[in-house]
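Comments concern the structure below.
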Protein chains: 2
Amino acid sequence: MKINEIKNKLVDKGLKVTPQRISILEAIIKLNNHPTAENIIDYIRKNQPNIATATVYKVLDALVENELIRKVKTDRDFMRYDAIMENHHHLYCSVSDRIEDYHDDELNDLLEKYFESKGIPDFKIEDIKLQIIGRFMKSKK
Amino acid sequence: MKINEIKNKLVDKGLKVTPQRISILEAIIKLNNHPTAENIIDYIRKNQPNIATATVYKVLDALVENELIRKVKTDRDFMRYDAIMENHHHLYCSVSDRIEDYHDDELNDLLEKYFESKGIPDFKIEDIKLQIIGRFMKSKK
DNA sequence: AACTTAAAGTAGAATAATTCTCTTCTAATA
DNA sequence: TATTAGAAGAGAATTATTCTACTTTAAGTT
C-alpha cells in the first residue's frame, strides 16, 4: 500500500495526517499476523527510534474509533490489531499465537441467508465473525 | 447445579476437591454473563472474605487446563470465563460488555456440512465458534 | 484415626500491558 | 506566517495478572 493511500484514509476520516499515524498504519498492514502493540512499536522503532509508547496506543485507539483498523478478539492478555476492514473470519491456531485471515464469500452468503430467515430473538445482528480454531499444516511462509 | 455435581467434575478430572475450587466453579455457573476474575472474586468474598486473589487466578487456570471452563475471546483487556462446555456461540453487544450464549444445533450442522465438503487448505479444523455482534433489544432479566 | 506428602492456598511483592498527566510540538487553516 | 486545536512525548501511574516463598490441606497409606 502506497503512502498516499494511507494518507487518504486518514484525511477521509478527518484525522490529522502525522508521520506517527502513517507509520503505525503502515506497520499494521506490513505485519500481517495481527500484530500486538509491542510488535508495532518494535517494527516502527527500527526507523523511528523515538516514537513514544503512549503515542502508539493513542493512535491505535484513534484508528479503531475511526474504523481504519479493528481489534481482534482473543483469549490472551494483550490486544491484537487487524488492518483489513472487509468482512472476513479468522483461523486461530490452537497451539500457538498464530491468527490468519479467512475470506469466504460463499460462507458469508450462507450465514446471511440463514440468519435472515431465522433471526435471533431480541437481538439485532450487526456483524458475524467466525473463530475457526485448529492446526495449521504448514508453517507461515 | 448441586455441590456434589461440582465435586464430581473435579474428581473426574483428577483434581483435588477444595472449598476454593468449589466456590469458584459455583461462581462462574451462577454469574452467567461470562464473568471476569474480578466478578468472581467479588462474588465469592461475600461468603468467603479471605480467599486470595492468586488462588482465584490459579484455580481458573487449572479449570481451563482441565476443560471444566473456557476462556471467552474478547477485544477487552481482561479475561472472561464460561462454564458451559457444550458447543455454543456468543452474542456480543456492540455497545456494552454483555455477552450471551447462543445455542443452535441447526447452525452447527450447517457449518459442519459446509466445511466438511469445502475444507480449508493446510488447516485442520478443531472447533468453530461464531461471534455474533449486535444490539440486544431487551435488557437482561 | 493419625501419618505422609504432593498439591493447593495465601499474602504481598513483582511484572507488564496499557493509560494518564502534563508539557511541548505541529498540521491544517486563515 | 500566525494561530490553535489536536497530536506527540516522557515518564509516572494504574491495573490485571503472575510470581515467590511460605503455610496449609486433601486424600492416599499405614
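Please read these numbers as outputs of a predicted model, since none were measured by experiment. By convention in this document, chain letters (A, B, ...) are assigned in the order of the sequence lines, proteins followed by strands, and residues within each chain are numbered from 1.
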Residue A/Ala37, side-chain heavy atoms: nucleotide from C/dA8, D/dA7, C/dT18 that is nearest:
C/dT18
Just N and O in the side chain of B/Thr18: are any of them under 4.0 Å from OP1 or OP2 of C/dA8?
no
Degree of bending in the helix from C/dA1-D/dT30 to C/dA30-D/dT1 once both end axes are built from five pairs, to 10°:
40°
Whole-Å distance between D/dT15 P and B/Asn39 CG?
16 Å
Starting at atom CD1 of A/Ile22, determine the distance to atom C1' of C/dA28, rounded to an integer number of angstrom.
14 Å
Within the structure provided, determine whether B/Leu130 and A/Leu111 are in side-chain contact (heavy-atom separation under 4.5 Å).
yes
Using atom CZ of B/Phe78 as one end and atom C1' of D/dT14 as the other, report the distance to the nearest whole Å.
15 Å
Scan residues 45-71 of chain B against DNA chain D and write down, sorted by residue number, each residue with any heavy atom closer than 4.0 Å; if none is found, say none.
B/Ala54, B/Tyr57
Do A/Glu100 and A/Arg98 sit within salt-bridge range, that is, some charged N less than 4.0 Å from a carboxylate O?
yes
Under 4.0 Å between a side-chain N/O of A/Gln20 and OP1 or OP2 of D/dG9, yes or no?
yes
Could you check whether A/Glu5 pairs with A/Lys7 (Lys NZ or Arg NE/NH1/NH2 to Asp/Glu carboxylate O, under 4.0 Å)?
no
Length of the CG-P vector between A/Asp77 and C/dT19, whole Å:
13 Å
Within this structure, what is the CZ-to-P distance between B/Arg76 and D/dT17, rounded to whole angstrom?
13 Å
Are A/Asp82 and A/Arg70 close enough, and set up right, to give a salt bridge (charged side-chain N to carboxylate O under 4.0 Å, His left out), and what steps lead you there?
CA-CA 5 Å; A/Asp82 191 345; A/Arg70 284 195 184 130; over 6 Å; no
Gap between atoms CZ and C1', on B/Arg80 and D/dA16 respectively (whole Å):
15 Å
Find out whether A/Tyr57 and A/Ile40 are in side-chain contact, i.e. whether some heavy atom of one side chain is under 4.5 Å from a heavy atom of the other.
no
Under 3.5 Å, is there a donor on one side chain and an acceptor on the other for A/Thr55 and A/Gln20?
no
Rounded interatomic separation in angstrom, taking CG from A/Asp75 and P from D/dA16:
19 Å
Taking D/dA16, C/dA17, C/dA6 as options, the one with an atom nearest any side-chain atom of B/Glu38 is D/dA16
Where the side chain of A/Lys16 is concerned, which of D/dA5, D/dA8, C/dA8 is the nearest nucleotide?
D/dA5
Minimum-distance nucleotide (side-chain atoms of B/Pro19 versus D/dA26, C/dG9, C/dA28):
D/dA26
Here the distance between atom C1' of C/dT26 and atom CG of A/Leu15, to the nearest Å, is 15 Å
B/Asp75 bridged to A/Arg80 by N-O distance under 4.0 Å
no
B/Asp97 and B/His34: side chain donor to acceptor below 3.5 Å:
no
What residues form a side-chain hydrogen bond (donor to acceptor under 3.5 Å, both in side chains) with A/Lys58, not counting sequence neighbours?
none
